[in-house]
> 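Would you mind keeping the following structure in view while I ask a few things?
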Amino acid sequence: MSEFILDIEQIRKSARSQMEKGAITQNYQADRHAILKILDTALATEWICVLRYTQHAKSAQGLHAEPIAKHFAEHAKQEEGHANQLADRIKQLGGKPDLDPASFGRRSHTHYVECESLVDMIKENLIAERIAVDAYSAAIRFIGTTDPTTRRILESILEVEEEHADELADLLAAFDPREPIN
Ligand SMILES: [Fe+2]
Ligand SMILES: [Fe+2]
């Protein structure tokens, strides 16, 4: 078994001499710029999801609209929570959260799509959730053990996106394809 050796004198020295770096210490092992890029893309993606879900929640119409609109509104709230978690982590890593709405569409993994029917809304959001699940999974694999805090944040978000995708798949399956849906 190998022994755990810590050069505590060196750690104390660098803690004091690089105080301005805040949470970033000499043992931070990730490529900070690569992590910030991942977080920036995720931030824009979450905001596009907030906007798409909110638009769908407000414009859903038809016999089955109310409970589904409630799901959309609830998801929008959770996506906003994710966006805030990501923005906090960007700041901790010495970056600046970019909330310029003009570039959300370009930076996001998912698209802002308005739909005419409830079933199309469910499909569009399900596709977006599946994209988010895949992108977060890939980011988590890339981070590995280099940045445990960012990894944990992304893992907790991934878990919720998987729940969203599962719920939407259930909603989609609940529709009888023979009945017209508005
Ligand atoms: Fe999210
Ligand atoms: Fe989601």
Side-chain angles (χ1 to χ4, degrees), residues 2-55 57 71-112 125 127-168:
S2 57
E3 200 189 339
F4 177 62
I5 299 167
L6 202 59
D7 186 349
I8 190 63
E9 275 315 314
Q10 169 55 28
I11 285 177
R12 283 182 183 135
K13 224 161 98 190
S14 111
R16 186 176 291 275
S17 67
Q18 301 184 17
M19 254 189 282
E20 71 288 348
K21 290 191 175 170
I24 310 296
T25 64
Q26 61 173 9
N27 271 298
Y28 182 75
Q29 287 178 348
D31 174 343
R32 204 170 57 90
H33 291 285
I35 300 290
L36 284 171
K37 179 85 184 60
I38 288 171
L39 291 169
D40 176 73
T41 307
L43 179 65
T45 303
E46 293 291 350
W47 270 109
I48 285 290
C49 292
V50 172
L51 296 169
R52 191 187 51 255
Y53 270 127
T54 305
Q55 203 278 338
H71 274 287
F72 292 161
E74 181 61 28
H75 288 193
K77 224 186 287 164
Q78 287 169 316
E79 311 303 9
E80 189 180 341
H82 296 162
N84 287 332
Q85 281 179 278
L86 296 165
D88 286 343
R89 186 60 183 157
I90 289 170
K91 194 254 164 197
Q92 276 182 357
L93 291 177
K96 204 167 97 185
D98 182 354
L99 290 175
D100 181 353
S103 59
F104 276 172
R106 183 167 38 80
R107 288 150 56 212
S108 169
H109 281 139
T110 63
H111 299 302
Y112 174 86
N125 289 307
I127 292 165
E129 294 291 355
R130 286 172 50 75
I131 291 169
V133 165
D134 247 357
Y136 278 122
S137 303
I140 288 162
R141 261 197 310 279
F142 172 80
I143 292 169
T145 54
T146 61
D147 181 340
T149 303
T150 300
R151 185 189 169 113
R152 268 202 313 279
I153 292 168
L154 299 191
E155 281 174 342
S156 71
I157 295 175
L158 171 64
E159 194 180 331
V160 177
E161 310 306 7
E162 287 177 350
E163 283 169 19
H164 288 172
D166 188 49
E167 268 178 42
L168 292 165

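No hydrogens, no waters, no symmetry mates; every other heavy atom, side chains included, goes into these values. This chain uses plain numbering: 1 for the first residue, then up along the sequence.
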> What's the spacing between Glu155 CD and Ser137 OG if we round to 0.5 Å?
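It comes to 10.0 Å.
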
> Looking at side-chain heavy atoms only, is the closest gap between Leu43 and Leu39 below 4.5 Å?
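Leu43 does not reach Leu39 side chain to side chain.
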
> Would a distance-only check, ignoring hydrogens and angles, find a side-chain to backbone donor-acceptor pair under 3.5 Å from Arg52 to His111?
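The answer is yes, because a donor-acceptor pair under 3.5 Å joins these two groups.
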
> Would the distance check show the side chain of Ser108 and the main-chain N or O of Gly105 forming a donor-acceptor pair, the cut-off being under 3.5 Å?
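Not a single qualifying donor-acceptor pair exists.
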
> To the closest 0.5 Å, what do you measure between CZ (Arg16) and OG (Ser14)?
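So the gap between those two atoms works out to 11.5 Å.
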
> Restricting to non-hydrogen atoms, name the atom on Leu51 and the atom on Phe104 that form the minimum distance, rounded to 0.1 Å.
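Scanning both residues completely, I find the closest heavy atoms to be CD1-CD1, 4.4 Å.
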
> With a 6.0 Å cut-off (strictly less than), is the heavy-atom count around CZ of Phe142, excluding the residue itself, greater than 12?
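Count not over threshold, so no.
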
> Looking at Ile38, Leu158, Ile131, which hits side chain to side chain contact (heavy atoms under 4.5 Å, CB included) with Tyr136?
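Per the side chain to side chain contact (heavy atoms under 4.5 Å, CB included) rule, the option paired with Tyr136 is Leu158, out of Ile38, Leu158, Ile131.
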
> Roughly how far apart are Asp40 CG and Leu86 CG, rounded to 0.5 Å?
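That separation rounds to 10.0 Å.
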
> Can you find a heavy atom in the side chain of Gln92 that is under 4.5 Å from one in the side chain of Asp88?
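Side-chain contact under 4.5 Å: no.
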
> Angle between ring planes, Phe72 versus Tyr53, binned at 30° and 60°: parallel, tilted or perpendicular?
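Taking Tyr53 first and then Phe72, their aromatic rings sit tilted (interplane angle of 30° to 60°).
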
> Is a side-chain donor or acceptor of Arg32 paired with a backbone partner of Leu93 at a separation under 3.5 angstrom?
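Yes.
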
> Would you find more than 12 non-hydrogen atoms of other residues, nucleotides or ligands less than 6.0 Å from Glu159 atom CD?
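Atom CD in Glu159 is not crowded, with 12 or fewer foreign heavy atoms closer than 6.0 Å.
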
> Check side chain to side chain contact (heavy atoms under 4.5 Å, CB included) between Thr41 and all other residues, then give those that pass, not counting sequence neighbours.
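Result, side chain to side chain contact (heavy atoms under 4.5 Å, CB included) vs Thr41: Lys37, Thr45, His109.
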
> Going by the rule side chain to side chain contact (heavy atoms under 4.5 Å, CB included), which residues pair with Gln55 if we only count those two or more places apart in sequence or in a different chain?
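With neighbours one apart ignored, the set is Ser59, Tyr112, Glu114.
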
> Hey, could you give me the NZ/CD1 distance between Lys96 and Ile90, rounded to the nearest 0.5 Å?
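The distance works out to 12.0 Å.
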
> Quick one, Tyr28 with Ile35, criterion side-chain contact (heavy atoms from CB on, under 4.5 Å). Give me CA distance, side-chain angles, the key distance, then yes/no.
CA-CA 12 Å; Tyr28 182 75; Ile35 300 290; 3.6 Å; yes

> Measure across Ala57 and Ala73 and return the closest heavy-atom pair with its distance rounded to 0.1 Å.
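Where Ala57 meets Ala73 most closely, the heavy atoms are CB-N, 3.8 Å.
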
> List the atom of Ala128, the atom of Thr110, and the distance in Å for their closest heavy-atom pair.
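What the structure gives for the nearest pair is O-CG2, 3.6 Å.
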
> Which pair of heavy atoms, one from Leu154 and one from Ala139, lies closest together, and at what distance?
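For Leu154 and Ala139, the tightest heavy-atom pair comes out as CD1-CB, 3.9 Å.
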
> Drop me the distance from Glu161's CD to Glu46's CD, to the nearest 0.5 angstrom.
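Between atom CD of Glu161 and atom CD of Glu46 there are 5.0 Å.
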
> I'd like to check the side chain to side chain contact (heavy atoms under 4.5 Å, CB included) partners of Glu9; sequence neighbours left out, ordered by chain and number.
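For Glu9, the residues satisfying side chain to side chain contact (heavy atoms under 4.5 Å, CB included) (neighbours in sequence not counted) are Asp7, Arg12.
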
> Can any side-chain N or O of Arg107 pair as donor or acceptor with the backbone N or O of Asp98 at less than 3.5 Å?
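It does hold such a pair.
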
> With rounding to the nearest 0.5 angstrom, report the CD to CG distance, Glu129 to Leu168.
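Between Glu129 CD and Leu168 CG, I get 6.0 Å after rounding to 0.5 Å.
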
> Testing the basics here: between Asp147 and Ile143, what is the closest heavy-atom pair and its distance to 0.1 Å?
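Taking Asp147 first and Ile143 second, the nearest heavy atoms are O-CG2, 3.6 Å.
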
> In terms of side-chain heavy atoms, does Glu79 have a donor or acceptor partner in His82 at a distance below 3.5 Å?
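His82 and Glu79 do have a side-chain donor-acceptor pair below 3.5 Å.
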
> Do you know which of Lys13, Gln10, Lys21 makes side chain to side chain donor-acceptor pair (under 3.5 Å) with Gln26?
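Among Lys13, Gln10, Lys21, the one meeting side chain to side chain donor-acceptor pair (under 3.5 Å) with Gln26 is Gln10.
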
